[in-house]
2 protein chains.
Amino acid sequence: MEQIKKERLESKGWKIGIVSDFLELTPEETIFVEIKLALSRSLKDRRQKMMTQVELASKIGSSQPRIAKAENGDDSVSIELLIRAMLATGATPKDIGQIIASVG
Amino acid sequence: MEQIKKERLESKGWKIGIVSDFLELTPEETIFVEIKLALSRSLKDRRQKMMTQVELASKIGSSQPRIAKAENGDDSVSIELLIRAMLATGATPKDIGQIIASVG
DNA sequence: CGTTGTTATACCAAATATGATATAAATACA
DNA sequence: TGTATTTATATCATATTTGGTATAACAACG
């Protein structure tokens with residue numbers, strides 16, 4: 001969805017850096033991206049305090065590279081994975097809810 | 001992930017009805033499912049008050065059948081889609097955060 | 001310096017989620 | 001009742017997300 005817009009620009013010779021800076025997103029799309037980034041940052045914080053990326057990956061049957069992407073806001077990472085990872089760090093629904101509620 | 005467990009049982013001759021009832025899920029998996037169901041229910045409530053499934057679908061570039069599945073907790077529906085749909089009903093991050101925080 | 005532990009990047013095949021379509025079922029209401 | 005509107009179910013090709021692997025970059029420390 002962001003991917004489509006990105007490709008449209010790239011095909012016209014544009015080079016994309018930080019996407020959300022000048023790619024026109026609808027307000028909803030912007031919020032969606034911000035929610036993912038907020039979860040991403042929180043995941044990194046929490047995980048760093050208690051384990052390595054390898055350990056977290058194995059807890060949720062994922063891989064270290066994917067955890068790295070999750071923590072770096074790579075947009076190939078879904079909210080699904082972010083939430084599964086958060087839960088594996090011991091985050092409660094309340095924790096996750098607060099992070100999302102704080103967006104915007 | 002749930003799918004794998006389901007197939008494992010079905011291959012042994014079991015017939016699955018309401019999955020989460022007797023399929024052993026880890027606490028994290030249970031919470032994850034509950035979050036999706038909570039979003040699902042809230043989506044249905046909100047959407048019904050203001051538009052049809054067709055209208056909501058077109059707002060987010062989806063289809064009516066997929067909205068139906070989203071509202072019925074079909075587990076082919078990702079949290080991604082649930083949140084995009086919620087936002088399209090005007091739900092704020094705060095609204096969504098509260099729904100998630102109330103799980104468990 | 002080299003070694004060890006950790007995280008980042010690139011690529012890919014397989015799994016999963018998706019929107020589209022067709023159509024059935026349910027609901028409302030004349 | 002019949003008919004229009006809305007929602008549910010089934011199928012499917014495509015798109016996206018996934019975990020695995022290899023490997024690079026980086027940091028800590030002897």
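So you know, we letter chains A, B, ... as the sequences are listed, proteins then strands, and number each from 1.
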Inset, instruction - Would you indicate what B/Ile67 reaches in the nucleic acid, counting non-hydrogen atoms under 4.0 angstrom: base, sugar-phosphate, or nothing? - result: nothing

Inset, instruction - Using atom CD of A/Gln48 as one end and atom C1' of C/dG5 as the other, report the distance to the nearest whole Å. - result: 15 Å

Legend entry - Interatomic distance, A/Asp75 CG vs C/dA8 C1' [rounded to whole Å]: 16 Å

Inset, instruction - Treat primed atoms plus P, OP1 and OP2 as sugar-phosphate and everything else as base, then score nucleotides 20-30 of chain C 5' to 3': B for base contact with protein heavy atoms under 4.0 Å, S for sugar-phosphate contact only, - for none. - result: BBB--------

Legend entry - Option among A/Val77, A/Asp75, A/Leu81 that satisfies the side chain to side chain contact (heavy atoms under 4.5 Å, CB included) test with A/Lys69: A/Val77

Inset, instruction - Please check the phosphate of C/dT6 (OP1 and OP2 only) for any side-chain N or O of A/Lys44 closer than 4.0 Å. - result: no

Inset, instruction - Report yes if at least one side-chain N or O of B/Ser78 is closer than 4.0 Å to OP1 or OP2 of D/dT17; otherwise report no. - result: no

Legend entry - Derivation and outcome, side-chain contact (heavy atoms from CB on, under 4.5 Å), residues A/Lys44 and A/Asn72: CA-CA 8 Å; A/Lys44 187 169 206 162; A/Asn72 289 353; 3.3 Å; yes

Legend entry - Proximal nucleotide (of D/dT18, C/dT9, C/dT18) relative to the B/Leu81 side chain: C/dT18

Legend entry - Side chains of B/Asp95 and B/Thr92, donor plus acceptor under 3.5 Å: yes

Legend entry - Any B/Asn72 side-chain nitrogen or oxygen under 4.0 Å from OP1 or OP2 of D/dA8: yes

Legend entry - Short side-chain donor-acceptor distance under 3.5 Å, A/Glu71 and A/Gln53: yes

Legend entry - Any side-chain heavy-atom pair of A/Leu87 and A/Ile96 under 4.5 Å: yes

Legend entry - Stepwise side-chain contact (heavy atoms from CB on, under 4.5 Å) check, A/Arg47 with A/Glu55: CA-CA 9 Å; A/Arg47 194 272 310 163; A/Glu55 289 170 322; over 6 Å; no

Inset, instruction - Indicate whether OP1 or OP2 belonging to C/dG19 is found under 4.0 Å from a side-chain N or O atom of B/Arg84. - result: yes

Legend entry - Most 5' of B/Met51 and B/Glu80 on DNA chain D, judged by nearest nucleotide: B/Met51

